[in-house]
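The sequence lines fix the lettering, A, B, ..., with proteins before strands; numbering per chain opens at 1.
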Amino acid sequence: MTSRTDIFSNLSARQKEAVQHTGGPLLIVAGPGSGKTRVIAHRIAYLVSVEGIAPWRILAVTFTNKAARELRERAEGLVGGANSGLQVRTFHSFCALVLRRDGGRIGLDSAFSIYDADDQQRLVRDILEELELDPKQFAPRAILAGISDAKNKMIDDSRLSKLTKSYFEEVVARVYARYTELLGTANAVDFDDLLLRAHTLFEDHADVLETYQDRYRHVLVDEFQDTNAIQFSLARLLAAKHRNICVVGDPDQSIYSWRHADIRNLTDFQTVYPDAKVVTLDQSYRSTQTILEAASGVIANNDERLKKDLWTDNGRGSPVTVGEAYDEDEEARVVLQEINRLVDEEKYDRSEIAVMYRTNAQSRAMEAACNRHGIAYQLVGGTKFYERKEIRDTVAYLRLIVNPADDAALQRIVNVPARGISPRSVDIIRSIARSRGTSMLGVILLAGDERADDEDQGLAGALNKRALKSVRAFADLMERLIEQSIVLSVVELIDLTLERSGYKRLVQEDKERGEERWDNILELRGSASTFDGPEPRERLIEFLENVALVSDVDSLEDDQDAITLITLHQAKGLEYDAVFMIGLEEGLLPHSRSMESVADLEEERRLCYVGMTRARNRLYMFHAFQRGFRGSRGAMLPSRFLDEIPPGCVETVSIRRNTRRIGAGGARSYDPESIKRRAAAPAQAKARTGAFRVADRVTHDTFGEGIVIEAVESGGDTEVTVAFGSGNGLKKLMADFSGLKKVVPTDSTAASREDPELGDAFLDAP
DNA sequence: TTCCCCACCCATTGG
DNA sequence: GGGTGGGGAA
């Protein structure tokens with residue numbers, strides 16, 4: 001047990017207030033770096049040590065498993081006891097727990113599968129075929145988005161069918177109905193269902209809800225600004241009895257509206273709980289004054305916002321460095337050179353440096369550069385481990401063993417390795433299963449049972465002899481594996497499955513990537529070893545649930561001597577000594593798909609804000625003149641967010657001109673209409689016109705060097721739009737008339753390597 | 001039935 | 001740049 005003074009040591013007055021308010025609802029509005037995780041951990045410790053609440057009576061919900069793990073360790077460290085029974089989970093994992101335990105009440109078998117995005121797509125494709133609808137006209141993605149929308153509004157399929165306003169919506173409703181039915185026969189749920197069905201369970205079965213209400217005296221929700229309506233409702237239901245609900249959030253960091261997160265939860269909290277105490281934490285213990293000022297300057301441009309002034313006792317620190325590069329390769333190179341400098345000269349720890357970007361695709365150039373320069377990195381996401389084919393296949397076998405009704409898993413591996421069950425045979429099996437309202441493995445197992453031949457004219461009659469034999473062999477295989485799953489440990493079962501199914505041989509026979517793929521499987525096997533124990537089937541279910549619910553950041557390790565490459569979304573909640581944000585360009589950040597509405601644009605700005613406020617000491621923001629995407633390239637304009645940074649906080653570095661200018665922010669000017677056009681139609685950047693081409697580097701006597709971003713033939717001459725560097729902005733010129741000259745070569749790598757001006761302090765070659 | 005290749009289509013962010 | 005689906009050859 002920790003003494004009361006330990007729990008309060010190093011807490012500010014505000015933080016103490018938040019820790020100590022334990023009776024009734026509490027809303028903590030916590031700016032970036034204001035020590036909210038600390039407050040939550042101390043609050044838990046206070047509840048346990050001072051108020052004598054048993055740890056297992058406290059439920060804390062976080063955004064990722066990693067955050068959950070860290071909070072649990074921190075809180076248990078404070079109260080001095082591991083495995084205290086303290087419940088720290090994500091909403092999804094909490095709901096899965098509830099459904100495993102009590103899902104029977106709503107007709108869910110405890111061995112239910114969790115369908116991921118891929119399984120969902122497959123299912124929707126099947127349904128479209130069944131309904132004779134063209135998947136080109138009705139994109140499965142769009143339909144799934146429609147279904148997800150409905151689920152998040154708690155609208156079931158029968159109600160949705162009455163609300164349709166267009167033919168498309170009607171299709172969505174029809175698919176939704178069938179989708180629900182088929183998830184039912186597959187004993188499966190999707191991600192939305194985890195929340196929704198737990199919610200339904202609580203609403204429809206008061207006794208079940210009461211068990212949980214009685215157990216959890218205190219409910220805490222972190223990252224509350226990114227919870228959705230169902231999550232808030234779940235939290236309210238759980239806390240209804242004791243009313244000890246504490247939520248922590250920052251409206252300026254709400255970045256998941258596209259996943260139905262609803263920022264209104266924060267404002268509604270006070271309506272739902274009029275007596276809620278509100279504590280605002282606005283002192284940052286993380287960033288320098290300069291970084292804070294820069295970030296505040298950007299976020300201040302959001303209109304839909306409650307004003308909040310962050311302050312800090314930290315020093316001013318270095319200015320925010322804004323840099324420009326020719327293209328993504330040069331950008332990557334310059335970033336790495338500066339990272340090397342920070343590590344060598346300023347003794348930064350590589351593990352305390354992160355490169356952040358808007359889209360995953362941007363990691364490629366960074367990775368390539370890291371590999372070229374021999375710099376160790378941790379990539380978050382990327383080719384996600386659990387999405388690799390060999391991993392998904394292995395997991396599909398296990399899923400099918402646990403839940404034989406899991407048609408998505410079956411269809412994945414029924415003919416992997418090839419065992420003579422053709423797509424045609426699979427179609428037949430599926431249609432028989434559908435017409436009987438059973439699972440596909442059910443149909444297959446019947447066909448494998450000689451005694452069932454008479455009554456099973458369906459499959460035995462529909463398949464030719466050879467195919468039927470193959471199907472029976474598969475039935476035998478699965479039957480054996482299912483039998484063994486009762487006695488074998490997870491690891492043993494994985495071994496047996498890989499051996500008997502022939503999957504091991506299949507992978508190892510792959511000459512090119514076999515070794516790597518087998519290593520991946522071994523890694524999966526390794527992670528299964530922690531799920532050893534009595535009742536192996538239960539452990540297997542746990543293991544599979546873990547696999548389904550991991551997030552990419554969960555595997556991020558803090559103590560590796562490697563820099564981190566991460567998307568801005570995933571960086572939420574993390575912090576680093578030095579942060580490099582790359583790709584600060586119109587169309588990328590803000591993203592072109594988010595530039596149509598003010599709400600979307602403001603979310604992009606919050607995303608930018610989240611990135612900036614991850615930094616403790618140093619913040620770098622880069623943009624490139626040109627960037628490749630989908631095989632082609634296009635000219636890019638600096639992000640408007642760069643112009644929003646107060647000039648006093650910025651140091652601009654021009655790579656090409658070997659200059660550093662203090663306070664150069666806001667000097668740029670450009671035509672917003674042209675930005676919109678460019679963002680909307682990046683393909684037109686490829687158009688070739690006359691002697692001047694989009695993306696050509698050019699020089700002009702007065703304006704200096706620039707990049708052609710638009711070229712239109714006009715009466716013998718070419719009207720070009722050029723983005724000039726160093727604050728000259730966009731200019732429209734008649735090419736010949738103005739004496740514009742092309743700069744050759746345009747090959748970026750060669751050009752910048754040969755450029756003597758590159759000997760900037762910034763650019764000492766590694 | 002399987003395997004390979006090519007054409008085509010797609011691509012923001014993620015539990 | 002990459003994944004997938006369809007078609008054709010073995």
Quickly work out the [X] [atom1] to [N] [atom2] distance and round it to whole Å.
X         : N       : atom1 : atom2 : answer
Leu549(A) : dG14(B) : CG    : P     : 17 Å
Ile114(A) : dG15(B) : CD1   : P     : 14 Å
Asp552(A) : dT13(B) : CG    : C1'   : 12 Å
Arg141(A) : dG14(B) : CZ    : C1'   : 11 Å
Arg424(A) : dC3(B)  : CZ    : C1'   : 20 Å
Asp118(A) : dG15(B) : CG    : P     : 15 Å
Trp258(A) : dG14(B) : CH2   : P     : 6 Å
Arg419(A) : dC3(B)  : CZ    : C1'   : 17 Å

Going by heavy atoms in the side chains, are [X] and [Y] under 4.5 Å from each other?
X         : Y         : result
Leu128(A) : Leu131(A) : no
Tyr357(A) : Leu568(A) : no
Asp327(A) : Phe625(A) : no

Report the base-pairing partner of dA11(B) (Watson-Crick or G-U wobble, both distances below 3.5 angstrom), or none.
none
Pair [X]-[Y], side-chain donor/acceptor within less than 3.5 Å:
X         : Y         : value
Asp600(A) : His591(A) : no
Gln411(A) : Arg430(A) : yes
Asp262(A) : Asn228(A) : no

Note: for Lys136(A) and Ile255(A) on DNA chain B, the residue whose nearest nucleotide lies more 5' is Lys136(A)
Which sits closer to the 5' end of DNA chain B, Val550(A) or Arg466(A), going by the nucleotide each is nearest to?
Arg466(A)
Using a cut-off of 4.0 Å on non-hydrogen atoms, how would the nucleic acid contact of Ala467(A) be classed: base, sugar-phosphate, or nothing?
sugar-phosphate
Proximity to the side chain of [X] - top-ranked nucleotide from [options]:
X         : options                  : result
Ser422(A) : dG15(B), dG5(C), dT2(B)  : dT2(B)
Arg364(A) : dG1(C), dT2(B), dG14(B)  : dG1(C)
Ala418(A) : dT2(B), dG14(B), dG15(B) : dT2(B)

For a quick test of reading the model: is some side-chain N or O of [X] closer than 4.0 Å to OP1 or OP2 of [N]?
X         : N       : value
Ser425(A) : dT1(B)  : yes
Ser594(A) : dT13(B) : no
Gln570(A) : dT13(B) : no
Asn360(A) : dA11(B) : no
Asn415(A) : dT2(B)  : yes

Can you tell me if Phe91(A) is stacked onto the base of dG15(B), using a 5.5 Å centroid cut-off and an angle below 30°?
no
Using a 5.5 Å cut-off between ring centres and planes within 30 degrees, is Tyr256(A) stacked on the base of dT13(B)?
no
